[in-house]
Amino acid sequence: MSPRTLWYSSDLRLSMVDTMALLRAFIRTARMVKNTSRLAAGLPADDEVLLDAPDERLAPALVAAARGEYDIAAKLLAATREAAEWENRDRYARRLAVFARTRDGWLQTWQSESPHDPDALLVKAELAVRRWWESPAAAPRRPPRTGSSAASPDARPPPRRR
């Protein structure tokens, strides 16, 4: 068997497109290996990086909520409401609701002491939405099948009328 017949056998037939795709992958890998150590030289270690860290306004509110105090969170949300900082208000309410999902004592205290506070109601509503969204009851349900298609799950739908 000559090398030419081996190359053209059905098992090893490569097109120019396949070869170029492999070449690009090899070049990318070589560039990554060559440049990665240089690029990562000034970066902190993975365990030193905190993703999605709260900003300087939210961090004290979360610390106070962890202690069971709600006054800093109330002041923060009131300030965002009065200053019409709607994006920050939404982000803070979401983060406070996520915190209240596991530790809601401070939120219950806030609601019992100020039942009509709009900021406490906002966090409570956000918490309710998050709980509902994560519950199995929120999964979409199919309506029950009726008629002839109920007998066979693989039955085809009836043809369209023209």
Side-chain angles (χ1 to χ4, degrees), residues 17-147 149-157:
V17 174
D18 294 333
T19 307
M20 293 307 291
L22 291 173
L23 180 62
R24 282 192 205 124
F26 288 132
I27 290 173
R28 280 191 205 125
T29 304
R31 285 181 183 161
M32 282 180 22
V33 169
K34 185 171 112 178
N35 297 325
T36 301
S37 61
R38 204 169 13 118
L39 294 174
L43 296 176
D46 288 343
D47 57 344
E48 295 177 10
V49 177
L50 178 62
L51 298 177
D52 200 22
D55 63 9
E56 65 276 354
R57 293 171 67 190
L58 180 62
L62 291 173
V63 170
R67 290 190 307 245
E69 304 167 3
Y70 67 89
D71 55 343
I72 297 177
K75 289 176 186 174
L76 174 64
L77 289 176
T80 58
R81 181 172 27 93
E82 292 166 3
E85 298 175 13
W86 306 119
E87 290 179 6
N88 286 336
R89 181 176 172 80
D90 179 56
R91 185 165 44 94
Y92 296 154
R94 279 187 284 128
R95 293 293 298 270
L96 289 167
V98 167
F99 185 79
R101 179 90 166 104
T102 56
R103 300 168 73 180
D104 64 346
W106 64 275
L107 182 59
Q108 291 174 355
T109 305
W110 187 7
Q111 290 174 320
S112 66
E113 293 182 11
S114 303
H116 300 292
D117 185 351
D119 303 317
L121 294 173
L122 174 67
V123 175
K124 180 182 176 182
E126 183 69 35
L127 178 60
V129 167
R130 288 190 172 274
R131 282 184 176 155
W132 183 84
W133 198 259
E134 294 170 1
S135 80
R141 297 183 182 179
R142 290 184 187 169
R145 296 182 138 187
T146 58
S149 64
S152 172
D154 297 326
R156 292 184 179 178

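These values consider heavy atoms only, across backbone and side chains, with no hydrogens, waters or symmetry-generated copies.
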Minimal non-hydrogen separation, [X] against [Y], with atom names:
X: A93; Y: E126; value: O-CG, 3.9 Å
X: A100; Y: L107; value: CB-CD2, 3.9 Å
X: R89; Y: P118; value: NH2-O, 4.3 Å
X: R57; Y: N88; value: NH1-ND2, 3.9 Å
X: D104; Y: R131; value: OD2-NH2, 3.8 Å

- Message: Applying side chain to side chain donor-acceptor pair (under 3.5 Å), can you list everything that pairs with R103, at least two apart in sequence or on another chain?
- Response: none
- Query: Residues two or more places apart in sequence or in another chain: which of them pass side chain to side chain donor-acceptor pair (under 3.5 Å) with E69?
  - Reply: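 If we apply the side chain to side chain donor-acceptor pair (under 3.5 Å) test to E69, skipping adjacent residues, the hits are R67.
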- Which ring-ring contact (aromatic ring centres under 6.0 Å, His included) pairs, counting each pair once, include a residue from residues 58-85, with sequence neighbours left out?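 Those involving residues 58-85 are Y70-W110.
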- Query: Would you call V98 and L127 a side-chain contact if the rule is heavy atoms closer than 4.5 Å?
  - Reply: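 A side-chain contact is absent here, since even the closest heavy-atom pair is not under 4.5 Å.
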For residues 73-82, which side-chain donor-acceptor pairs fall under 3.5 Å, sequence neighbours excluded?
from, atom 1, to, atom 2, distance (Å)
T80, OG1, L76, O, 3.4
T80, OG1, L77, O, 2.8
R81, NE, D119, OD1, 3.1
R81, NH2, D119, OD2, 2.8

- Quick one: side-chain contact (heavy atoms from CB on, under 4.5 Å) partners of A65, sequence neighbours excluded?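 By the side-chain contact (heavy atoms from CB on, under 4.5 Å) rule, A65 matches F99, W106.
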- Should R91 and E87 count as an ion pair when the cut-off is N to O under 4.0 Å?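 Between E87 and R91 there is no salt bridge, as every charged N stays at least 4.0 Å from the carboxylate O atoms.
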- Task: Can you run down the salt bridge (Lys or Arg N to Asp or Glu O under 4.0 Å) pairs that involve residues 109-118, sequence neighbours left out, and say none if there aren't any?
- Result: none
- First locate atom CZ of R101, then atom CZ of R130, and finally report the distance between them rounded to the nearest 0.5 Å.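 These two atoms lie 9.5 Å from each other.
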